[in-house]
Amino acid sequence: MLKAEFGKDTGINIQSLKPIGVILDTNILIDLMKPAVYKHADYSNFLSLVKLGFIKILLPKQVKEEWEKHREEKYLSYLDEINKKIKKYHEFASYLKGEERDTFLAQTEKIRKFEKRNYKYNYGLRMRNIDRIIKEDYRTITFDRNNLVDSKIIDLSLNKFDPFFTTTKKKKGEGVKNEMADAIIFFSSYYYLKEYRGEFSRVFFVSSNSSDFAETGNTTMIHPNLKEYLDEVDVEYMNYLGRVNNIVDPDKTAMIIDEAGIEDFLSDAYFIVCNNCKEDIHINADSSILRSKEKLIPTYHLICQECGYEHDTYDSPHDE
């Protein structure tokens with residue numbers, strides 16, 4: 001069981017405590033669906049803390065819009081990387097002949113199928129879960145910029161405020177740095193918390209964008225020009241979501257979402273082939289309960305993630 005006061009056993013009923021607010025930058029959401037950035041334990045621990053009500057996600061509207069704009073693009077780019085890798089393997093087939101060549105191509109196609117399944121039903125499934133939680137207003141608070149934010153950003157832009165607006169070039173050939181979107185994310189959060197900070201027991205601002213939020217040469221610390229704003233509203237800066245998990249739940253007792261063994265469910269036995277586009281459909285992850293057009297009662301439907309085609313199984317939850 002989680003302990004009150006962030007790991008200290010005070011005897012306080014944690015359910016009566018205010019939630020912990022966690023502001024997420026877009027890069028954190030994208031990192032969660034990237035292979036080899038966040039382990040399943042970190043992802044599962046964070047989403048479990050959200051689902052159990054210990055953490056409330058605080059999301060600037062700018063972040064939500066960026067997520068909605070880039071999530072599918074990133075998802076498809078990772079799948080494309082798998083296809084490119086397999087295509088490179090196929091080039092080696094030209095050095096083989098006959099049965100040896102056929103066996104080699106069959107094996108590479110099998111690798112492609114399982115690599116694609118692994119991404120879609122590990123990291124792709126994360127994307128779907130994150131998207132669902134972001135849309136649940138009892139788990140995520142989305143807030144927009146206001147006139148104070150706009151006025152502040154205009155003033156900082158005119159004064160070449162570092163780190164968002166500066167004459168310093170990041171790389172050779174680049175012009176003046178103008179990170180308007182990051183400024184909107186930061187100051188939308190600042191002004192939101194000036195009004196609602198009392199609703200949360202503790203607040204974290206989490207971003208891996210070291211060039212625009214962190215201190216130069218020390219990615220774990222907030223930029224000195226931004227520190228006074230976070231200090232004013234009592235917000236702690238983190239560059240890795242796992243660090244937040246370690247503070248909120250040091251013993252890792254909140255793990256209601258556990259996908260560490262997903263590899264056990266990637267075999268052919270857990271898939272059917274879509275009648276419409278011939279892509280894989282997972283019998284568990286792609287299952288939804290919808291009204292059957294033929295039975296006129298709710299039945300399990302398998303929905304293809306590639307084309308959206310709905311396969312009615314005609315099995316009803318009432319049959320169980």
Side-chain angles (χ1 to χ4, degrees), residues 21-39 42-43 46 57-71 73-75 77-78 81 123 126-127 130 134 143-145 149-193 203-233 235-247:
V22 178
I23 303 165
L24 296 177
D25 192 8
T26 314
N27 51 67
I28 297 297
L29 297 176
I30 297 298
D31 282 350
L32 283 167
M33 56 182 286
K34 280 184 183 177
V37 176
Y38 280 99
K39 295 180 180 179
D42 289 325
Y43 158 78
F46 179 73
I57 296 175
L58 305 180
L59 206 66
K61 188 178 180 182
Q62 178 75 27
V63 170
K64 185 177 182 181
E65 290 174 349
E66 290 178 4
W67 164 254
E68 291 172 347
K69 179 180 179 181
H70 297 298
R71 69 187 173 199
E73 169 193 326
K74 294 292 184 182
Y75 172 73
S77 72
Y78 300 135
E81 286 177 15
Y123 305 99
R126 289 187 191 186
M127 178 186 74
I130 292 166
I134 284 174
F143 49 89
D144 202 354
R145 60 206 269 195
V149 175
D150 293 338
S151 297
K152 184 72 173 179
I153 291 174
I154 290 171
D155 180 60
L156 295 177
S157 176
L158 291 173
N159 288 282
K160 302 294 187 289
F161 179 81
D162 192 23
F164 302 129
F165 311 100
T166 175
T167 55
T168 303
K169 294 182 179 180
K170 292 185 284 185
K171 295 179 183 178
K172 186 177 180 180
E174 290 187 351
V176 174
K177 182 180 178 183
N178 186 333
E179 300 294 349
M180 180 69 74
D182 290 320
I184 291 172
I185 290 169
F186 184 84
F187 285 104
S188 293
S189 302
Y190 166 71
Y191 280 105
Y192 171 80
L193 289 169
V203 177
F204 298 94
F205 182 95
V206 191
S207 174
S208 57
N209 187 347
S210 59
S211 65
D212 293 312
F213 293 117
E215 179 181 313
T216 303
N218 187 352
T219 59
T220 64
M221 299 296 291
I222 191 70
H223 192 283
N225 287 354
L226 302 177
K227 187 176 185 301
E228 63 176 290
Y229 295 101
L230 292 192
D231 286 349
E232 182 185 341
V233 289
V235 173
E236 299 166 69
Y237 174 76
M238 297 285 172
N239 66 341
Y240 190 72
L241 197 56
R243 294 174 62 198
V244 175
N245 292 344
N246 291 339
I247 292 171

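Hydrogens, waters and symmetry mates are skipped; everything else that's a heavy atom, side chains included, is used.
- The shortest side-chain heavy-atom distance between D162 and H223 falls under the 4.5 Å cut-off.
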Would you check, one step at a time, whether the test salt bridge (charged side-chain N to carboxylate O under 4.0 Å, His left out) holds for K152 with D155?
-> CA-CA 5 Å; K152 184 72 173 179; D155 180 60; 5.4 Å; no

Steps toward side chain to side chain contact (heavy atoms under 4.5 Å, CB included) verdict (K69, E65) = CA-CA 6 Å; K69 179 180 179 181; E65 290 174 349; over 6 Å; no

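- Rounding to the nearest 0.5 Å gives a distance of 10.0 Å between CG of L156 and CE of M180.
- Among T219, N239, D31, the single residue meeting the side-chain hydrogen bond (donor to acceptor under 3.5 Å, both in side chains) criterion with S208 is D31.
- Here the side chains of I130 and R71 are not in contact, with every heavy-atom distance at 4.5 Å or above.
- Here the side chain of R126 pairs a donor or acceptor atom with the backbone of L32 at under 3.5 angstrom.
- In this structure the side chain of K34 reaches within 4.5 angstrom of the side chain of Y78, judged on heavy atoms.
- Aromatic ring orientation, Y229 versus Y190: perpendicular (interplanar angle above 60°, classes split at 30° and 60°).
- Taking each heavy atom of I222 and F213 in turn, the nearest pair found is CD1-O, 3.2 Å.
- Of all heavy-atom pairs between L241 and V206, the closest is N-CG1, 4.0 Å.
- D231 CG to L226 CG: the interatomic distance, rounded to the nearest 0.5 Å, is 11.0 Å.
- Formation of a donor-acceptor pair under 3.5 Å by the S157 side chain with backbone atoms of I154 is not found in this model.
- Using a 4.5 Å heavy-atom threshold, the side chains of D42 and Y240 count as touching.
- For the atom pair L29 CG and I57 CD1, the distance stands at 7.5 Å (nearest 0.5 Å).
- Between Y237 and F205, the two ring planes are parallel [angle under 30°; tilted spans 30° to 60°].
- Put simply, the side chain of I185 reaches to within 4.5 Å of the side chain of D182, judged on heavy atoms.
- For the pair S189 and P60, the tightest heavy-atom approach, listed with the atom from each and the gap, is OG-CG, 3.5 Å.
- A centroid separation of 6.0 Å or more is found between the aromatic rings of Y123 and Y75.
- Put simply, CD1 on I28 and CE on M238 are 11.5 Å apart, with the number rounded to the nearest 0.5 Å.
- Taking the side chain as every heavy atom from C-beta outward, N209 and T26 never approach each other to under 4.5 Å.
- In this structure, the separation between CD1 on I23 and CZ on F186 is 8.5 Å, given to the nearest 0.5 Å.
- A donor-acceptor pair under 3.5 Å links the side-chain atoms of N246 to the main chain of G242, judged by distance alone.
- Looking only at side-chain heavy atoms (C-beta outward), W67 and K74 stay at 4.5 Å or farther from each other.
- For the atom pair S188 OG and L193 CG, the distance stands at 10.5 Å (nearest 0.5 Å).
- Taking the side chain as every heavy atom from C-beta outward, F204 and I247 approach each other to under 4.5 Å.
- Between F161 and F164, the ring planes lie tilted relative to each other; the angle falls in the 30° to 60° range.
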